[in-house]
Structures are given as structure tokens and as C-alpha cells.
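Working notes for the structure below.
Residue numbering restarts at 1 for every chain, and letters A, B, ... go by the order of the sequence lines.
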Protein chains: 2
Amino acid sequence: MASGHRTGPYLCGIDAAMDVVGGKWKALILWELHNHGVRRFGELRRGLPGVSEKVLIQQLRELEEDDIVHREVYREVPPKVEYSLTEHGTALNAALEPLALWGARRSERIGAELIPH
Amino acid sequence: MASGHRTGPYLCGIDAAMDVVGGKWKALILWELHNHGVRRFGELRRGLPGVSEKVLIQQLRELEEDDIVHREVYREVPPKVEYSLTEHGTALNAALEPLALWGARRSERIGAELIPH
DNA sequence: TCCCTTGCTTACCTCAAGGTAGGTACCTCA
DNA sequence: TGAGGTACCTACCTTGAGGTAAGCAAGGGA
């Protein structure tokens, strides 16, 4: 338990997908890893303005549990940890791309600010 | 204000899309409307086991504000209100389909229960 | 000797999304 | 007369996701 997941059956595929990618920063983490391939913890933190360390770690752990991201620890001092997408993570990201496109077009349509990456 | 939206710029397209479809039941509402074309309020309620009337109305209003669903009121007694997808709602739903597929495959992979529709 | 670095952990707190429970108007049917 | 159905509204409360701030290990550099 305490794995941050819903209880009970899913109502449909979107329901199940949202259970994985629904955290406030998770989709952005995927995006960041997709764009850079491999990222250290601190790099991710700096790449996601506004996220706190606690929450970032929390969501990374949950994504790791769900086999979406891979965590590679280098036993050095100071410590070095690298995060990357797994096979499933890559597939998830691909599945998110049409949604990202729709979102980008929408923010353009309504004139919302959209920070370029 | 009080329109249930984030403040500040979006970090990317997914961020913007999640702001629209991120409510607990919103994606399921879209799914339901996509599958049935047009649904009355009570039909939606019965189709989304567990949702409360208050929250369902809330999310429908927000989706209406965002031009995702259309609300048609028939001035009869007893009242009759029909909800359907707008053009943008249809596009959003199409953008969600790869994600739905991924979610369905994932719940199959991990052996999660998935209620058939 | 002290501070700096990185990648965490822990305790505590806030706030808003969501849930619960009641009420409303209006008409129909029994 | 009154129960039932529809599509809401309103006040209140709970819960948990997320935010804040502090501490820690272990070595390197000044």
C-alpha cells in the first residue's frame, strides 16, 4: 500500500492511464526525460520550475514502481542518480503526444502563455 | 474567476491539456459522450458510478466553459438537458484515444480489473 | 575547521477538489 | 393528497495531494 494508486476497478483505459500519469508533475517529468534522454535529479528539478524536492522524488518513485522510469544510482560522493524512460515510459510518452499537440493548439487558440522548452 | 483553472503560464502542451481534462471525472465524461453521442444528465450520472451530482454538474459546467461540451436545455417539465461534445471536444477525445489504448493495454498487462463499457 | 555539494528523508501544514446531505421548482400519475 | 421524477443549488465537511522547511551522510576544497 501507500503506492499512490486508486482502489477498485478502472472504468476505461483513460481511467487507468490517468492513474499512472495523473500526478501534478508526472506528465512533465516524462516530457523532460523524453526531450533529454537521461537526466540527473537536480537537472530534473531545475527543469521543472516550481516543483519541490519532496514531491519530485515522490512522483519519480511512483513512476519507477509503475515501470515508467528507470533509476540508476552511481555510488559516488556527492551522490549521482540518473533517471530515464523505460520501454513502457517511452510508449506512454508517445501516447501522450496527440494530447500535447491538442493542448498546444488550444493554448494558442485561447492566447494562453506557453513557456517554450 | 472561480472558473477552476490554473494561474500562470503552461509549461508545455500536456500541461495545458491536463488543465482542461484533469478533473477526476472529465475524461470519463468525454468517453461517455463519445460513446453515446448525446446524453441526458441522469444518463451521465448513471453511466459514471460513484460520481456525485454536485461534482458532475461542476465538471460539466467547466467543460462547457472550455467549449468542450455543449449543453442543450429543453424547457419542459420535468426538465430535460442534453449534453454532447463540441467540435473541440471531439478533437480532444481523439487526442485521448492513444492514451486510452495505452491504459487498456497496461491494465491488461498488470491484471487490473477493467469494467467493460 | 567549516562549508559546500547531491540526493534524499522526515515532520508538519495548507488548501482546494471532491463528497454528503439537504432543499427547490414544476408537473404527472395514482 | 402525496409520492415521484428531473435537473439542479447550497452549505458544510473531509481528505489527501502537494508545499515548506529542516536535517542527514559522506567526502572535497578553502
Original post:
Applying a 3.5 Å limit to both distances, which nucleotide forms a Watson-Crick or G-U wobble pair with dA30(C)?
Top reply: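 Per the H-bond distance test, dT1(D).
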Could you state the [atom1]-[atom2] distance from [X] to [N], rounded to the nearest angstrom?
| X | N | atom1 | atom2 | result |
| --- | --- | --- | --- | --- |
| Leu60(A) | dG18(D) | CG | C1' | 15 Å |
| Gln58(B) | dT20(C) | CD | C1' | 14 Å |
| Leu56(B) | dT20(C) | CG | P | 14 Å |
| Lys54(A) | dG16(D) | NZ | C1' | 10 Å |
| Ile57(B) | dG18(C) | CD1 | P | 15 Å |
| Glu53(A) | dG23(D) | CD | P | 14 Å |
| Tyr83(A) | dG7(C) | OH | P | 8 Å |
| Gln59(B) | dA17(C) | CD | P | 10 Å |

Among [options], the nucleotide that comes nearest once only the side chain of [X] is considered:
| X | options | result |
| --- | --- | --- |
| Val77(B) | dG19(D), dG7(C), dG5(D) | dG5(D) |
| Ser52(A) | dT20(D), dA7(D), dG18(D) | dT20(D) |
| Arg40(A) | dT6(D), dT6(C), dC8(C) | dT6(C) |
| Arg61(A) | dC8(D), dC8(C), dG19(D) | dC8(C) |

Original post:
Contact class for Arg75(A) vs. all strands (heavy atom < 4.0 Å): base, sugar-phosphate, or nothing?
Top reply: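 Result for Arg75(A) = nothing.
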**OP:** Remember a base hit wins even if backbone is also touched, and classify Tyr74(A) as base, sugar-phosphate or nothing at under 4.0 Å, heavy atoms.
**Re:**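 Touches nothing.
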Subject >> Asp66(B) versus His88(B), side-chain donor and acceptor atoms under 3.5 Å >> reply: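 Asp66(B) and His88(B) do not have a side-chain donor-acceptor pair below 3.5 Å.
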Subject >> Expected output: side-chain His34(B) to main-chain Leu30(B) donor-acceptor under 3.5 Å >> reply: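 Pair absent, no side-chain N/O of His34(B) close to backbone of Leu30(B).
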**OP:** Please list, chain by chain and in numerical order, all residues satisfying side chain to side chain donor-acceptor pair (under 3.5 Å) with His70(B), sequence neighbours excluded.
**Re:**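 With neighbours one apart ignored, the set is Glu72(B).
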**OP:** Tell me, please, which residues at least two apart from Arg6(B) pass side chain to side chain donor-acceptor pair (under 3.5 Å).
**Re:**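 Side chain to side chain donor-acceptor pair (under 3.5 Å) list for Arg6(B), sorted by chain: Asp15(B).
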Subject >> Within one Ile-Leu-Val-Met-Phe-Trp-Tyr cluster: Val73(A) and Tyr83(A), side-chain cutoff 4.5 Å >> reply: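 In one cluster: yes.
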Subject >> Arg71(A) side-chain N/O to dC8(C) phosphate OP1/OP2 under 4.0 Å >> reply: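 It does, given that an N or O in the side chain of Arg71(A) lies less than 4.0 Å from OP1 or OP2 of dC8(C).
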